[in-house]
Amino acid sequence: MGHRTGMGGFMNAIADLPVDPKVKEYTARRWELLIDGDWVKAKSEQTFQTHNPATGELLAECAQADEVDIDRAVRAARRAFETGPWPAMTATERGRLIWKLGDLVLEHLEEFAELETLDNGKPISVTRAVDVPLTAELFQYMAGWANKLEGNTIPLSVPYTPGAMYHAYTLREPLGVVGQIIPWNFPLLMAAWKLGPALAGGNTVVFKPAEHTPLTALRLGELIMEAGFPKGVVNVVPGPGPIAGEALAAHPDVDKIAFTGSTAVGKRIIGAATGNLKKVTLELGGKSPNVVFADADMDQAIPGAASAIFFNHGQVCSAGSRLYVEDGAFDEVTEGVAEQAKQMKVGPGMDPATEMGPLVAEEQLDRVWDYVESGFAEGARALSGGRKMDGPGYFIEPTVLVDTNPNMKVVREEIFGPVVTAHPFSRENDVLPAANDTIYGLGSGVWTKDLSRAHRMAERLHAGTVWVNCYNVFDAALPFGGYKQSGWGREMGHEVLNLYTQIKSVCMRL
Ligand code: NAI
Ligand code: MG
């Protein structure tokens, strides 16, 4: 890993990094909670720290919400939902605010890109090109929906009131106060996926970012106020999952909880939500199959399979983490992917040449490393990678594992790191049951030139998304979500608006 060692032991102190002066100010600041339009300390006055995973150094200090602050935020969101300017606004006015938020994000693109890279570790080339532009795009796509959410008129034929005439119609209404909890892998973009449709639907929000990566959501909170959203419409309350997150999921005055994160915590959310039977949507883990047929265009399929797993350091819920390759092409594809892994520039995200940064935190590095070791213990072999890199920072080499079998832990469980397991297959009918042999059903990939086969596979894969001759393509207009234990509901597209609104039937006798 010449790139890494060649950096003279890394750019260490944050003061030495070539960052935007505004970003330096954001990291020097002590961040507070956004509740009811004001920035306030936690009632307990507790704080927590977020770190730069490239160096392990302290990045910023943030107020830490607990159940008392969550309750304050929920009350503020309730007031904003029931009274004041938000419910009185026209749908077009709401849409304009959301559009403006997208514009503000683009105006501050460089700031957001740097702040995200420092807090999460992902490469600056990626935050500039992917995370921040997609965030703006999502807000502006959702802005357009605000004034297009409609009910229907419905002809009635009630058999037991012969001759009676009715006028019946549906109203599409907001749910109310929505609690949203997101993970650390795409902190700003996940904020947009959640906030965009909630606001377009006319709801108010209590939003909890992940402990490892609170900064871009807090900065977004400032822009939300700058855009002119009324106070209390969006409240931003970082805090520990088991305390702040659990309190939000359990709160009796929250109408819906939307969660993205691990399947284990998703199950806890469902439990916490039973008190008032709030609506629940979940976007959870994955162990997504990526299937390469021997007739595929290998110039696309090999780099495609590499980026399916290595993009965002494998910290992607839909990462193509099980690579199935048709006999005859197995060596070419696995060696090709391993070669791509060896060529990847691993280093601090702030270096523009970096292609893979550190994992988000030491505990994630330990988790991923435990998986790699378990793979070796169960007989897998690394074609590339398979080593942790010396600190500072939480780096691991991009890893391709062969000699695997379907019962290995590395094949069955979500690793959430840059580790792919490779498996040969001989026929389409053999690979389908293998690909579907998982509790998850989030993403999947198919690489082939045979159109009929591509469509057959697309129908038969049990997953919320099937990418054909591409992978990890996301668009604000395209629904995304899980089959099986990968979740409940969908994000994005017009699908998601159904999950942030409810239908009221109005029936009038004429
Ligand atoms: P996590 O699921 O614990 O954290 C995600 C969010 O949930 C964070 O905001 C956290 O504060 C919150 N949370 C945690 N416990 C909670 C609780 N009891 N009630 C309410 N909210 C709670 O994920 P973690 O621990 O950061 O990562 C562990 C593993 O989870 C990863 O290795 C990966 O396998 C999986 N994961 C999957 C993600 C996905 O997008 N599918 C994202 C993040 C993690
Ligand atoms: Mg951090």
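We count ligands from 1, going down the list as the structure has it; atoms in each ligand are counted the same way.
The protein heavy atom nearest to atom 7 (O) of ligand 1 is F259 CE1, 3.1 Å. Scanning the protein heavy atoms around atom 44 (C) of ligand 1, the nearest turns out to be F416 CE2, 3.9 Å. Of the protein's non-hydrogen atoms, the one nearest atom 40 (O) of ligand 1 is C317 CB, 3.3 Å. From the protein, the heavy atom lying nearest to atom 3 (O) of ligand 1 is V265 CG2, 3.5 Å. In terms of protein heavy atoms, atom 42 (C) of ligand 1 is closest to P183 CB, 3.3 Å. When only non-hydrogen protein atoms are considered, atom 24 (P) of ligand 1 lies nearest to W184 NE1, 3.8 Å.
Contacts with ligand 1 closer than 4.0 Å are made by backbone heavy atoms (N, CA, C, O) of L284 only, the side chain lying farther away. With a heavy-atom cut-off of 4.0 Å, E246 touches ligand 1 through backbone and side chain alike. At a 4.0 Å heavy-atom cut-off, ligand 1 touches Q364 through the side chain alone.
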Test salt bridge (Lys or Arg N to Asp or Glu O under 4.0 Å) applied to K194 and E491, step by step: CA-CA 8 Å; K194 292 275 183 280; E491 312 252 26; 2.6 Å; yes
Candidate pair K22 and E25, rule salt bridge (Lys or Arg N to Asp or Glu O under 4.0 Å), full reasoning: CA-CA 5 Å; K22 288 210 206 87; E25 191 267 310; over 6 Å; no
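Under a 4.0 Å criterion applied to the non-hydrogen atoms of I269, ligand 1 contributes the atoms 20 (C). Against a heavy-atom cut-off of under 4.0 Å, K208 is close to the following atoms of ligand 1: 9 (O), 10 (C), 11 (O). Near R268, the atoms of ligand 1 lying under 4.0 angstrom from a non-hydrogen atom of the residue are 18 (N). Close approach to N185 involves these atoms of ligand 1, each under 4.0 Å from a residue heavy atom: 40 (O). Here is the list of ligand 1 atoms found below 4.0 Å of a heavy atom in G285: 41 (N).
Considering only heavy atoms from C-beta on, V206 stays 4.5 Å or farther from V178 through its side chain.
Remark: R412 CZ is packed, more than 12 non-hydrogen atoms of other residues, nucleotides or ligands lying under 6.0 Å away. For K484, the NZ atom sits in a packed shell: over 12 heavy atoms of surrounding residues, nucleotides or ligands are nearer than 6.0 Å.
For atom 27 (O) of ligand 1, a protein heavy-atom neighbour is present inside the 4.0 Å cut-off.
No hydrogens or angles considered: nothing links the side chains of H212 and N120 as a donor-acceptor pair under 3.5 Å. No hydrogens or angles considered: nothing links the side chains of N472 and S307 as a donor-acceptor pair under 3.5 Å. In the model, T213 has no side-chain atom that pairs as donor or acceptor with a side-chain atom of D119 under 3.5 Å. In this structure, a donor-acceptor pair under 3.5 Å is absent between the side chains of S444 and S288. E413 and Y371 form a side-chain donor-acceptor contact under 3.5 Å, judged by distance and modelled atom types alone. In the model, Q485 has a side-chain atom that pairs as donor or acceptor with a side-chain atom of K267 under 3.5 Å. Residues K41 and T47 have side chains that never bring a donor and an acceptor to within less than 3.5 angstrom of each other.
Shown are K279, Q502, R78; of these, the side chain to side chain donor-acceptor pair (under 3.5 Å) with D255 is made only by R78. When each of Y500, F480, F186 is paired with W193, the ring pair (Phe, Tyr, Trp, His ring centres under 6.0 Å) condition holds for F480 and for no other.
Between E283 and ligand 1, a contact under 3.5 Å exists for no N or O pair. Annotation: G241 places an N or O atom under 3.5 Å from an N or O atom of ligand 1; distance criterion only. In terms of polar-atom proximity, I182 is counted as a contact of ligand 1, with an N or O under 3.5 Å from an N or O of the ligand. The shortest N or O to N or O distance between T260 and ligand 1 is not under 3.5 Å. Distances between N or O atoms of G245 and those of ligand 1 include no value under 3.5 Å.
Ring planes of W184 and F416: perpendicular class, angle over 60° (limits at 30 and 60°).
Of the candidates S262, A249, A210, G482, S262 brings a heavy atom nearest to atom 23 (O) of ligand 1. For the residues E211, H212, E413, E414, the heavy atom positioned nearest atom 10 (C) of ligand 1 is part of E211.
Taking the Mg ion (ligand 2) as reference, H212 places its N/O/S atom O nearest. Take the N/O/S atoms of H51: the one nearest the Mg ion (ligand 2) is O.
Taking 2.8 Å as the threshold, T50 counts as a candidate ligand of the Mg ion (ligand 2), since one of its N, O or S atoms lies below it.
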